[in-house]
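Everything on this sheet refers to the single structure shown next.
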Amino acid sequence: MANSKASVPKGTRDFSPAEMVKRNYIFDTIKSVFRKYGYLEIQTPSMENLSTLTGKYGDEGDKLIFKILNSGDFWGEAENKKQKAESFEFNSKGLLPMLSEKALRYDLTVPFARYVVMHQNEITFPFKRFQVQPVWRADRPQKGRYREFYQCDADMVGSESLLNEAEFVMIYQEALGMLGLKDFTIKINNRKILSGIAEIIGKPELIVDMTVAIDKLDKIGLDGVVKELLERGFTSRDIEKLKPVILSEGSNEEKLASLKSVLTTSDTGLKGIEEIETILGYLESFSVYSPQSLSSDSLSAGIQQPATQNPSAAPGSQSATLNLQLDITLARGLNYYTGAIFEVKTNEVAMGSIGGGGRYDDLTGMFGLKGLTGAGISFGADRIYDVMEELQLFPESTSETTKVLITNFDAQAERYALPVLQELRNKGISAELYPTSAKMKKQLSYADNKKIPYVILIGSEEIQSGRLTLKDMKSGVQEQLTREELTGKIK
RNA sequence: GUGGUUUUAGCUCAGUUGGUUAGAGCGCCUGAUUGUGGUUCAGGAGGUCGUGGGUUCGAGCCCCAUAUUCCACCCCA
């Protein structure tokens with residue numbers, strides 16, 4: 001076999017023990033919040049049938065799906081088909097079904113919809129599930145963007161209640177607060193409002209183009225958005241109607257009020273506003289949100305009080321004030337959303353969104369199960385990791401593994417050590433015996449590097465006296481103890 | 001898919017205008033210390049300079065291709 005340089009595919013990474021400790025801290029925290037709100041865990045395969053995934057994420061999304069090459073003689077099959085059927089197109093598009101019929105999952109929402117349809121007879125609705133698994137995108141890597149990354153999704157199907165949406169806001173707030181993030185914004189919008197706006201302008205068919213363009217307001221400014229809207233088929237007159245809407249500022253309540261006056265003739269738009277108001281109402285009842293109807297001079301909208309300092313980063317504490325902003329320019333790329341849309345951004349680090357989600361009314365309809373509504377959110381675990389790393393939010397000293405190392409002097413000492421090792425392990429103390437009788441220096445260095453707090457030395461003296469030497473690696477103090485005293489000492 | 005950037009010891013990085021034997025810090029190994037780590041001191045090992053071509057008397061350095069890193073665009077967690 002030819003030697004090849006050790007490497008991993010572009011955009012993928014190994015996770016070493018120290019990183020896994022931190023990653024699991026994120027996963028465990030998010031999962032615990034999901035469970036607290038009544039969500040149950042499932043997993044689905046890494047690969048799905050290609051047909052399950054295509055067409056769900058838009059044209060750009062389809063391009064980014066990792067396709068899996070069929071096994072077998074796909075080339076011969078294609079040649080065969082070419083000769084038999086004249087109508088067969090011998091090009092990339094026509095060949096694709098022959099080359100690939102499976103693909104790596106692109107997100108967790110579409111596989112979930114597929115899961116619900118396949119298991120509809122076992123499921124009691126409303127069904128709340130969470131899922132923490134990697135997804136793959138054939139994108140070019142850059143800051144906060146990987147080709148393999150983990151999403152932590154909570155989705156619910158079978159309930160139209162906007163209480164679900166309100167709880168998603170609370171889940172975001174609670175989980176990110178527990179992880180130590182202090183200043184982040186949960187943005188909310190509603191597809192129906194966007195549809196209403198497109199309706200008012202008289203270009204409902206251009207809604208996707210409209211949303212893609214105005215979504216970039218933050219990035220390219222008003223001039224950039226205007227330019228893009230013109231390119232996408234809007235007239236200057238359309239844009240004049242659009243401007244006041246996308247530039248509206250103030251508190252959520254002020255924005256809603258001004259939207260209402262613009263959207264009076266659009267039932268869809270008004271429905272969207274009502275939905276937002278309902279969600280805010282629920283959050284008010286939960287006492288996590290308070291409306292701000294008075295107009296203020298502050299440029300920033302919403303309820304952007306300075307984040308309260310929270311001295312205890314203990315899990316369970318909510319360390320940041322809820323910063324929920326209605327953002328009319330928020331669109332989100334996935335085109336299956338029909339109602340509320342969420343996006344979460346950190347304000348402490350330059351990073352794309354660390355979470356997103358929304359309501360989708362007919363995702364299962366694509367797989368033949370009509371009339372089932374769903375909604376969900378996703379946390380981007382890898383981005384959250386990068387943010388936490390940059391802000392140094394990971395707690396220290398959670399990485400201890402082995403509690404005690406028994407040194408290995410010689411064959412006799414090794415045999416003597418085995419029952420001791422067993423006894424320690426039986427008492428639930430993670431322990432290991434150095435596997436060879438290497439030099440003391442080497443064995444103690446091993447303990448040191450692995451940050452093992454205790455070392456037990458067993459040599460001829462100890463075997464004779466029956467009192468083993470316990471060394472505290474931090475203080476360097478050593479004492480002679482019996483086996484009973486020893487296991488009591490190490491906890 | 002488009003543009004830029006990175007790649008030299010296990011790791012992080014120097015390396016001048018193209019010129020003799022490619023360096024440093026950390027880590028590793030050996031010894032000072034034959035039962036004692038984390039500090040100190042002395043010594044040592046370790047390099048296809050990402051890969052493949054090319055230019056040149058001569059290439060880590062210049063040219064071409066390709067892989068990879070990071071960044072921006074498109075899009076997105």
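Here is how names work: the chains are called A, B, and so on, in the same order as the sequence lines, proteins then strands, and each is numbered from 1.
With respect to A/Asp209, the salt bridge (Lys or Arg N to Asp or Glu O under 4.0 Å) criterion is satisfied by exactly one of A/Arg232, A/Lys203, A/Lys216: A/Arg232. When each of A/Asp362, A/Thr364, A/Leu363 is paired with A/Tyr360, the side-chain contact (heavy atoms from CB on, under 4.5 Å) condition holds for A/Leu363 and for no other. Under the side chain to side chain donor-acceptor pair (under 3.5 Å) test applied with A/Glu48, the options A/Lys102, A/Arg105, A/Arg114 reduce to a single match, A/Arg114.
By the 6.0 Å and 45° rule, A/Arg23 stacks over the aromatic ring of A/Tyr150. Taking the ring centre of A/Phe66 as origin, the terminal cationic atom of A/Arg147 falls outside the region bounded by 6.0 Å and 45° from the ring axis.
Look at A/Lys442 and you'll find a side-chain N or O under 4.0 angstrom from OP1 or OP2 of B/C29. Contact between the side-chain N/O atoms of A/Lys451 and the OP1/OP2 oxygens of B/G37 is not found at any separation under 4.0 Å. Taking only side-chain nitrogens and oxygens, A/Lys10 comes nearer than 4.0 Å to OP1 or OP2 of B/U68. Residue A/Lys219 places at least one side-chain N or O under 4.0 Å from the OP1 or OP2 atom of B/C73.
Across all strands, A/Ser460 comes closer than 4.0 Å to base atoms (heavy-atom distances). Note on A/Tyr146: a base of the nucleic acid sits closer than 4.0 angstrom, heavy atoms only.
Atom CG of A/Asp218 is separated from atom C1' of B/C73 by 17 Å (rounded to the nearest Å). In this structure, OH of A/Tyr434 is placed 14 Å from P of B/G37, rounded to the nearest angstrom. Remark: P of B/U39 and CG of A/Asp448 are 8 Å apart, rounded to the nearest angstrom. For the pair A/Ile456 CD1 and B/U36 C1', the interatomic distance rounds to 15 Å; values are reported in whole Å. Note: OH (A/Tyr446) to P (B/G35) measures 22 Å, nearest angstrom. The interatomic distance linking A/Ile30 (CD1) with B/A77 (C1') rounds to 11 Å, in whole Å. In this structure, the CG atom of A/Leu104 is 17 Å from the C1' atom of B/A77, given to the nearest Å. Between the P atom of B/C75 and the NZ atom of A/Lys63 lies a distance of 10 Å, rounded to the nearest Å.
Taking atom C1' on both nucleotides, B/G15 is separated from B/C76 by 40 Å, rounded to a whole Å.
Listed nucleotides B/C70, B/C74, B/U2 differ in distance to A/Arg140; the shortest reach to its side chain belongs to B/U2. Closest to the A/Glu60 side chain, of the nucleotides B/G37, B/C75, B/A77, is B/C75. Comparing B/G35, B/C74, B/A77 by their closest approach to the side chain of A/Gln142 singles out B/C74. For A/Leu457, the side-chain atoms get nearest to B/G35 when compared with the rest of B/C74, B/G38, B/G35.
In this structure, A/Phe149 counts as stacked on the base of B/A77 under the 5.5 Å centre distance and 30° plane angle limits.
With hydrogens and angles ignored, no donor-acceptor pair closer than 3.5 Å exists between the side chain of A/Lys441 and the base of B/U36. Residue A/Gln443 places no side-chain atom within donor-acceptor reach of the base of B/U36, judged by atom type and a 3.5 Å distance cut-off alone. Taking 3.5 Å as the limit, the base of B/C76 and the side chain of A/Arg383 contain a donor-acceptor pair of atoms between them.
Nearer the 5' end of RNA chain B, as judged by each residue's closest nucleotide, is the contact made by A/Gly459, out of A/Asp139 and A/Gly459. Of the residues near RNA chain B, A/Gly476 and A/Lys439, the one whose nearest nucleotide (by heavy atom distance) lies more toward the 5' end is A/Lys439.
Under the Watson-Crick and G-U wobble criteria, each requiring two contacts below 3.5 Å, nucleotide B/G50 is paired to B/U66. Using Watson-Crick or G-U wobble geometry with both donor-acceptor distances under 3.5 Å, B/G43 finds its partner in B/C29.
With values rounded to the nearest 0.5 angstrom, A/Ile384 atom CD1 is found 10.0 Å from A/Met351 atom CE.
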